[in-house]
Engineer: 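Quick one: this structure, given as structure tokens, is what I'll be asking you about.
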Amino acid sequence: MTDLRLDHLNIPARDPLALAQWYGETFGLAVEKHVARGPGMILVFVPGEPIGRAVSEVHMGFRVPSLAALDQWAARFAATPVAGPEFTSFRLPDPEGNGVEIYTPNAK
């Protein structure tokens, strides 16, 4: 029972095909129909109403390797990273309002 890993997320979307395409184009993921894949992740967009919660409450976290990488992503979205006690991050909504966080752990 110790080998437990998150394999995929099913995310409701009004337009699953378009949202998968946005994730593919935005984050460089491979897209096949309503599925976006990348190293260690599978995002499956299924027909439905988006979760509709504030980005601060419910979000997907994408980890980047360094503060320099985070700054590059932040510039792309015209966002300002915020340092917290464990990591530095910024958040944004995807086209259907789902929360996305891009973060990097703080140096120890």
Engineer: Between OH of Tyr103 and NE2 of His59, what distance do you get to the nearest 0.5 Å?
Structural biologist: 9.0 Å

Engineer: Give the intermediate values and the outcome of salt bridge (Lys or Arg N to Asp or Glu O under 4.0 Å) for residues Asp7 and Arg5.
Structural biologist: CA-CA 6 Å; Asp7 181 69; Arg5 297 174 211 194; over 6 Å; no

Engineer: Under the rule for ring-ring contact (aromatic ring centres under 6.0 Å, His included), what residues qualify as partners of Phe27, not counting sequence neighbours?
Structural biologist: Trp22, Tyr23, Phe62, Trp73

Engineer: Which heavy atom of Asn98 sits nearest to which heavy atom of Pro12, and what is that distance?
Structural biologist: ND2-O, 4.2 Å

Engineer: Taking the side chain as every heavy atom from C-beta outward, state whether His34 and Val44 have any pair of such atoms under 4.5 Å apart.
Structural biologist: yes

Engineer: If every non-hydrogen atom of Gly24 is compared with every non-hydrogen atom of Val31, which pair is closest and at what distance?
Structural biologist: CA-CG2, 3.5 Å

Engineer: Is there a side-chain contact between Leu29 and Leu43, using heavy atoms and a 4.5 Å cut-off?
Structural biologist: yes

Engineer: Counting neighbours of CZ on Arg53 that are heavy atoms of other residues, nucleotides or ligands and sit closer than 6.0 Å, is the number greater than 12?
Structural biologist: no

Engineer: Under a 4.5 Å cut-off applied to non-hydrogen side-chain atoms, are Pro81 and Asp71 in contact?
Structural biologist: yes

Engineer: Counting only heavy atoms not in Glu57, do more than 12 sit closer than 6.0 Å to its CD atom?
Structural biologist: yes

Engineer: Quick check: closest heavy atoms across Thr104 and Val64, and the distance to 0.1 Å?
Structural biologist: OG1-O, 3.1 Å

Engineer: How far does OG1 of Thr26 sit from CG of Asp94, to the nearest 0.5 angstrom?
Structural biologist: 9.0 Å

Engineer: Please assess Ile102 against Leu70 for the test side-chain contact (heavy atoms from CB on, under 4.5 Å), listing each intermediate value before the final yes or no.
Structural biologist: CA-CA 7 Å; Ile102 301 177; Leu70 182 68; 3.7 Å; yes

Engineer: Work out which heavy atom in Leu19 is nearest to a heavy atom in Ala13; give both atom names and the distance.
Structural biologist: CD2-CB, 3.7 Å

Engineer: Return the set of residues passing ring-ring contact (aromatic ring centres under 6.0 Å, His included) with Phe90 (not counting sequence neighbours), or none when no residue passes.
Structural biologist: none

Engineer: Measure across Leu9 and Met60 and return the closest heavy-atom pair with its distance rounded to 0.1 Å.
Structural biologist: CD1-CG, 3.8 Å

Engineer: Establish whether Leu92 and Leu67 are linked, either directly or via other cluster members, by ILVMFWY side-chain heavy-atom contacts under 4.5 Å.
Structural biologist: yes

Engineer: If I compare all heavy atoms of Arg76 with all of Glu25, which pair ends up nearest, and what's the gap?
Structural biologist: NH2-O, 3.6 Å

Engineer: Do Leu6 and Val46 sit in one hydrophobic cluster, given that two such residues count as connected whenever their side-chain heavy atoms are within less than 4.5 Å of each other, even indirectly?
Structural biologist: no

Engineer: Could you tell me whether the side chain of Glu96 reaches within less than 4.5 Å of the side chain of Arg14, counting heavy atoms only?
Structural biologist: yes

Engineer: Do Thr88 and Asn106 come close enough that some side-chain heavy atom pair is under 4.5 Å?
Structural biologist: yes

Engineer: Quick one: are Leu17 and Lys33 in side-chain contact, heavy atoms under 4.5 Å?
Structural biologist: yes

